[in-house]
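This report concerns only the one structure given below.
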Amino acid sequence: MEIDNNQLLRFTTAGSVDDGKSTLIGRLLFDSKSIFEDQLDSVSKTSEKKGHDGVDLALFTDGLKDEREQGITIDVAYRYFTTPKRKFIIADTPGHIEYTRNMVTGASTANAAVILIDARHGVIEQTKRHSFIASLLNIPHLIVCVNKMDLVDYSEEVYNSIIAQFEEFSSKLLMKDVRFIPISALKGDNVVNRSENMSWYPNGTLLSTLENLHISSDINKIDARFPVQTVLRPQSDEHRDYRGYAGRIASGIYRVGDEVAVLPSGFQSKIRSINAGEQELKEAYAPMSISITLEDDIDVSRGNMIVKQNNQPEQEQEFDVMLCWLNNDPAKPRAKYTIKHTSNEERAIIKEVVYKMDINTFERDNEDSNLEMNDIARVKIRTTRRLMLDSYRDNRNTGSIILIDENTNETVAAGMVV
């Protein structure tokens with residue numbers, strides 16, 4: 001029987017500096033035979049030059065040549081690998097405190113977060129910060145890897161005490177599914193192959209956990225949201241009267257004959273047909289890219305949203321978001337930004353900073369209203385026109401926004417609707 005490996009799992013990795021993140025990803029790629037011969041040759045030669053015994057696994061992920069030579073890892077690196085069971089995209093984010101924004105960027109579309117803890121040091125501030133961001137971004141699955149178990153003699157007692165430390169602070173956070181795995185990335189214990197040194201650990205390896213995570217239910221199937229990206233008018237003899245609305249389903253299920261409303265106008269109609277390319281479908285669901293035609297000729301344009309008549313998002317011009325400031329320059333009070341939400345673009349201002357979050361202590365600062373790079377804050381945003389919003393906890397696609405500087409065209413902030 002052939003295994004269907006079409007399902008894609010995105011996961012992000014986070015850990016503090018020197019927790020062994022690069023070695024872990026290298027081990028995953030190496031032991032799952034996901035490395036090309038020329039990469040292996042190149043890294044083997046570099047390892048030899050540096051005087052390492054055997055292959056330095058961290059070099060598979062340490063990106064650019066000059067980065068390698070300086071011994072630093074920067075920015076978010078995306079890596080792709082596949083096994084017979086599943087395809088994977090890894091967002092590798094740096095552990096340094098000044099890279100909060102990189103973790104937010106890398107983790108925003110992730111199904112799972114892999115957080116590394118050094119078995120010798122236990123839970124530290126960066127562990128708490130990364131877990132807080134994972135919780136804030138509503139990442140459905142969290143895998144806590146207690147690494148470097150070889151340096152604590154593969155002690156079950158040390159492992160259990162780290163789990164207790166983690167659970168003590170994480171009980172304050174909203175996390176649905178947390179799993180713990182004791183590993184040694186350097187030696188290969190419990191990464192791809194089961195460890196003979198930790199027979200006391202009964203569960204699966206990191207790779208088998210990632211392969212078997214149930215991610216189908218992570219998508220919101222209840223709230224049907226279809227942001228229109230473009231209107232299709234072929235103007236050909238064959239399709240003279242065709243008027244379709246193309247886009248990607250953000251959530252929910254659409255069927256031919258469904259009674260729908262087009263927002264913000266509120267016009268109502270029924271779905272006449274659903275197409276994916278040349279193929280005509282009876283139903284479609286998130287995250288499929290499709291085109292829809294309606295029974296009635298009503299005005300629909302890019303940025304509109306087709307929803308079910310009996311299940312509609314909030315339409316708001318003023319709303320609260322948890323905002324992560326991504327830009328080197330601080331936010332300017334009352335400055336105008338372009339706000340992007342699904343396929344819609346409007347203009348917006350940050351009306352008020354309600355509080356800033358100390359992501360090391362989880363405490364709120366109600367006094368400081370300056371937004372600087374890596375700050376996370378709850379803010380009030382006002383837009384020129386109403387947006388069709390769900391809370392980010394209910395719907396990651398229709399609950400997220402980005403702000404763009406109108407002068408430089410740089411993305412300055414990413415936000416989650418509260």
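One-based numbering along the sequence shown. Only a predicted model underlies this, so the values are computations on that prediction, with no experimental measurement involved. FYI, side chains are in, hydrogens and waters are out, and symmetry mates aren't considered; it's all heavy atoms of this structure.
Partner of E318 under the salt bridge (Lys or Arg N to Asp or Glu O under 4.0 Å) criterion, out of K351, R386, K380: K351 alone. For the side-chain contact (heavy atoms from CB on, under 4.5 Å) test with V191, the passing option among D31, L207, L24, T23 is L24; the others fail.
Under a cut-off of 6.0 angstrom, the local environment of NZ in K336 is sparse, with at most 12 non-hydrogen atoms contributed by other residues, nucleotides or ligands. Taking a 6.0 Å sphere around CZ of R393, one finds it holds more than 12 heavy atoms contributed by other residues, nucleotides or ligands. Counting non-hydrogen atoms of neighbouring residues, nucleotides and ligands closer than 6.0 angstrom, the CD1 atom of I124 exceeds 12 such neighbours. In R194, the CZ atom is crowded: over 12 heavy atoms of neighbouring residues, nucleotides or ligands sit closer than 6.0 Å.
Of the possible donor and acceptor atoms, none in the side chain of D405 sits under 3.5 Å from a partner among the backbone N and O of E410. Y254 places a side-chain N or O within 3.5 Å of a backbone atom of A224 that can act as its donor or acceptor partner. Side-chain atoms of N212 come within 3.5 Å of backbone atoms of S208 as a donor-acceptor pair (strictly under, hydrogens ignored). In this structure, the side chain of N374 engages the main chain of R101 through a donor-acceptor pair within 3.5 Å. Although no hydrogens or angles enter the test, the distance criterion places a donor-acceptor pair under 3.5 Å between the side chain of Q165 and the main chain of V123. The main-chain N or O of A91 is found under 3.5 Å from a side-chain atom of T12 such that the two form a donor-acceptor pair. Remark: the backbone N or O of N220 is not paired with any side-chain donor or acceptor of N395 at under 3.5 angstrom. Using a distance-only test at 3.5 Å, with no hydrogens or angles considered, no donor-acceptor pair links the side chain of R347 to the main chain of T384. With hydrogens and angles ignored, the 3.5 Å screen pairs a side-chain donor or acceptor of R86 with a backbone N or O of E211. Looking at R225, its side chain never comes within 3.5 Å of a backbone N or O of N397 through a donor-acceptor pair.
In terms of heavy atoms, F88 sits closest to L210 at CE2-CB, 3.7 Å. Of all non-hydrogen atoms in P313 and M388, the two that sit nearest each other are CG-CB, 3.8 Å. Annotation for M322 and Y355: closest pair SD-OH, 4.1 Å, computed over non-hydrogen atoms. A pairwise comparison of heavy atoms in P330 and E372 identifies CB-CG, 3.9 Å as the closest pair. When every heavy atom of S131 is checked against every heavy atom of I115, the shortest pair comes out as OG-CD1, 3.6 Å. Smallest separation of non-hydrogen atoms from R396 and A110: NH1-O, 2.9 Å.
The distance from the CG atom of D189 to the OG1 atom of T205 is 11.5 Å, given to the nearest 0.5 Å. The distance from the OG atom of S400 to the NE2 atom of H341 is 6.5 Å, given to the nearest 0.5 Å. Note that CD1 of I274 and OH of Y245 are 14.5 Å apart. Values are rounded to the nearest 0.5 Å. The NZ atom of K176 sits 12.5 Å away from the CG atom of L142 when rounded to the nearest 0.5 Å. If you take OH on Y201 and CD1 on I181, they are separated by 4.5 Å, rounding to the nearest 0.5 Å. Atom-to-atom distance recorded for S391:OG and D320:CG is 12.5 Å, nearest 0.5 angstrom.
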When you look at D358 and K356, which way does the salt bridge (charged side-chain N to carboxylate O under 4.0 Å, His left out) test go after all the steps?
CA-CA 7 Å; D358 183 326; K356 271 168 69 167; over 6 Å; no

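Looking at M416 and L137, their side chains come closer than 4.5 Å, going by heavy atoms from C-beta outward. The shortest side-chain heavy-atom distance between L213 and I143 falls under the 4.5 Å cut-off. Counting heavy atoms from C-beta outward, L387 and V417 have side chains that stay 4.5 Å or more apart. Side-chain contact between E259 and Q268 is absent, with no heavy atoms from C-beta onward closer than 4.5 Å. With contacts defined as side-chain heavy-atom distances shorter than 4.5 Å, the pair T398/T342 qualifies. With a 4.5 Å cut-off on side-chain heavy atoms, V262 and I306 count as touching. Side-chain contact between F132 and M357: present, with at least one pair of heavy atoms (C-beta onward) separated by less than 4.5 Å. H141 is listed as a side-chain neighbour of D218, based on a closest heavy-atom distance under 4.5 Å.
Sorted by first and then second residue, the side chain to side chain donor-acceptor pair (under 3.5 Å) pairs with a member in residues 278-288 read R255-E283; sequence neighbours excluded.
In this structure, K308 fails the cation-pi test against F226, since its NZ or CZ atom is not both closer than 6.0 Å to the six-membered ring centre and inside 45 degrees of the ring normal.
Using cut-offs of 30° and 60° for the angle between ring planes, the F166 and F180 rings count as perpendicular. Under the 30°/60° scheme for interplanar angles, the aromatic rings of F81 and F11 are found to stand perpendicular.
Taking the side chain to side chain contact (heavy atoms under 4.5 Å, CB included) definition, one finds that T230 meets it with L232, A246, sequence neighbours left out.
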Identify every side-chain donor-acceptor pair in residues 291-303 under 3.5 Å, counting partners at least two apart or on other chains, and give the distances.
unit_1: S291; atom_1: OG; unit_2: Y242; atom_2: OH; d: 3.3
unit_1: T293; atom_1: OG1; unit_2: S273; atom_2: N; d: 3.2
unit_1: T293; atom_1: OG1; unit_2: S273; atom_2: OG; d: 2.6
unit_1: D296; atom_1: OD2; unit_2: S269; atom_2: OG; d: 2.6
unit_1: R302; atom_1: NH1; unit_2: Q229; atom_2: O; d: 2.9

